[in-house]
Amino acid sequence: MTDTQLDSPIVATVPFDKDGIHHGFLRLPYSRDDSAWGSIMIPLTVVRNGEGPTALLTGGNHGDEYEGPVALFGLAQELDPLDVSGCVIIVPAMNYPAFRAATRTSPIDRGNMNRIFPGRPDGTVTEKIADYFQRVLLPMCDIVLDFHSGGKTLDFIPFAAAHVLPDPVQEEKCFSAVKAFGAPYSLKMVEIDSRGMFDTAIEEMGKVFVTTELGGGGTVSARTAEIARQGVRNVLRHVGILAGEVVTSPTQWLDMPGDESFVFAEQDGLLEMCVDLEASVKKGQTIARIHTIDRTGVAPTRILAPCDGILIARHFPGLIKMGDCVASFGVVIEDL
Ligand SMILES: [Zn+2]
């Protein structure tokens, strides 16, 4: 850190460099009407034992996505430090104000954690959290697993993913970790806009990074919770932090054909999906209809598949607004 950079106002209440398991908080001072000297207390567990790599495991980057928090609150309870070689830093609900409000973004500043990196030490609450991850937690880590799912407005097939990167060695390490995660689908992911993402901050630091999309709709299913639980342990085994072999499961690899992967609504209305998640579609096939809701007697607008592929994501609520993402598609590939 240079002299011109401010220290983060966030303080960890447990050590990162002591062996054992430590449950505590990232404490962020937040002075407000109902608590003059109050703080936001972001749950944190640090498990360290001897020599080995450091993994950072995060959920609740978006506050209405639950597979990550379910898997990580569970892991923090279940991990025995004697089974660990190295260090595991667990933050089950990164954007904690958003998680408590069950909203994608923070109710305090509307901050979207995954669009706000590198953050600012003297910024809004969400910017301060991002800055702490950027300058304190990420430099400690060798690998980061950040859980996402669709939240209240999207639903996804369950997949782990990494991005195509300029450094082929780093990219290979990321995709090996995706394979180890062992979700039913594994994706070479394309972002609509990667600027400000946690993903991008991690990758630019040269770290190994795995993300997921595991369902959605603002809840968690038994199937996706189990995928998350097994996936996080597999990644820890893969990097040697936990002993034992990765529990292998068959995975279908998918690629995303750039901008053709997404379809957006050009009107408000009532959404009727004509195919469900995991369905194979052909380019030009009707995958959804949007019914006009202002009056009767108007034919619905047909939404067509932009490419051959698999339906990997869909708008979740029954009503849709102009500009919403209706659906997203992946193309089957044999392997990497
Ligand atoms: Zn998310």
Side-chain angles (χ1 to χ4, degrees), residues 42-43 56-73 90-117 119 125-127 129-130 133-134 137-138 144-163 174 178 181 183 185-203 209-221 224-225 227-228 231-232 235 254 256 261-262 264 277 312-317 323-328 330:
I42 304 167
L56 172 64
L57 310 174
T58 51
N61 177 325
H62 293 128
D64 61 349
E65 303 174 3
Y66 297 103
E67 281 76 5
V70 164
L72 296 181
F73 275 112
I90 305 173
V91 183
M94 226 178 140
N95 194 342
Y96 193 64
F99 175 70
R100 289 297 296 259
T103 50
R104 180 172 178 83
T105 62
S106 174
I108 298 170
D109 56 20
R110 305 307 339 161
N112 181 338
M113 184 61 73
N114 221 24
R115 300 290 184 274
I116 212 163
F117 273 82
V125 162
T126 311
E127 287 174 324
I129 298 171
F133 276 81
Q134 176 82 32
L137 292 182
L138 290 184
V144 182
L145 169 57
D146 185 39
F147 282 101
H148 288 259
S149 52
K152 288 176 179 170
T153 65
L154 290 171
D155 196 12
F156 280 90
I157 62 169
F159 66 79
H163 299 105
C174 294
V178 167
F181 185 100
Y185 296 89
S186 299
L187 187 71
K188 291 175 82 169
M189 198 162 185
V190 172
E191 301 294 345
I192 294 174
D193 181 1
S194 66
R195 277 166 292 195
M197 291 181 72
F198 187 38
D199 315 37
T200 310
I202 298 160
E203 289 160 354
F209 177 65
V210 177
T211 188
T212 72
E213 297 288 358
L214 299 173
T219 189
V220 55
S221 69
T224 54
I227 293 166
V232 66
V235 168
L254 299 169
M256 291 179 79
S261 306
F262 306 95
F264 297 91
L277 290 177
I312 64 169
R314 56 156 289 186
H315 182 78
F316 188 78
D324 287 349
C325 184
V326 180
S328 182

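Indexing begins at 1, ligand by ligand and atom by atom, following the structure's order.
- Ring orientation note: the planes of Phe99 and Tyr66 are tilted relative to one another, at an angle of 30° to 60°.
- Sorted by chain and number, the protein atoms of type N, O or S within less than 2.8 Å of the Zn ion (ligand 1) are His62 ND1, Glu65 OE1, Glu65 OE2, His148 ND1.
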Practice task
Carefully, step by step, assess Met256 and Met189 under the rule side chain to side chain contact (heavy atoms under 4.5 Å, CB included).
Solution key: CA-CA 6 Å; Met256 291 179 79; Met189 198 162 185; 4.2 Å; yes
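- Within the structure, side chain to side chain donor-acceptor pair (under 3.5 Å) pairs that include any residue of residues 209-219 do not occur (at least two apart or interchain).
- Going from atom CG of Asn95 over to atom OG1 of Thr58 covers 11.5 Å, rounded to the nearest 0.5 Å.
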Problem - side chain to side chain contact (heavy atoms under 4.5 Å, CB included) evaluation trace for Gln134 with Phe117 - result: CA-CA 7 Å; Gln134 176 82 32; Phe117 273 82; 3.5 Å; yes
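- One N or O on the side chain of Asn114 and one on the backbone of Phe198 form a donor-acceptor pair closer than 3.5 Å.
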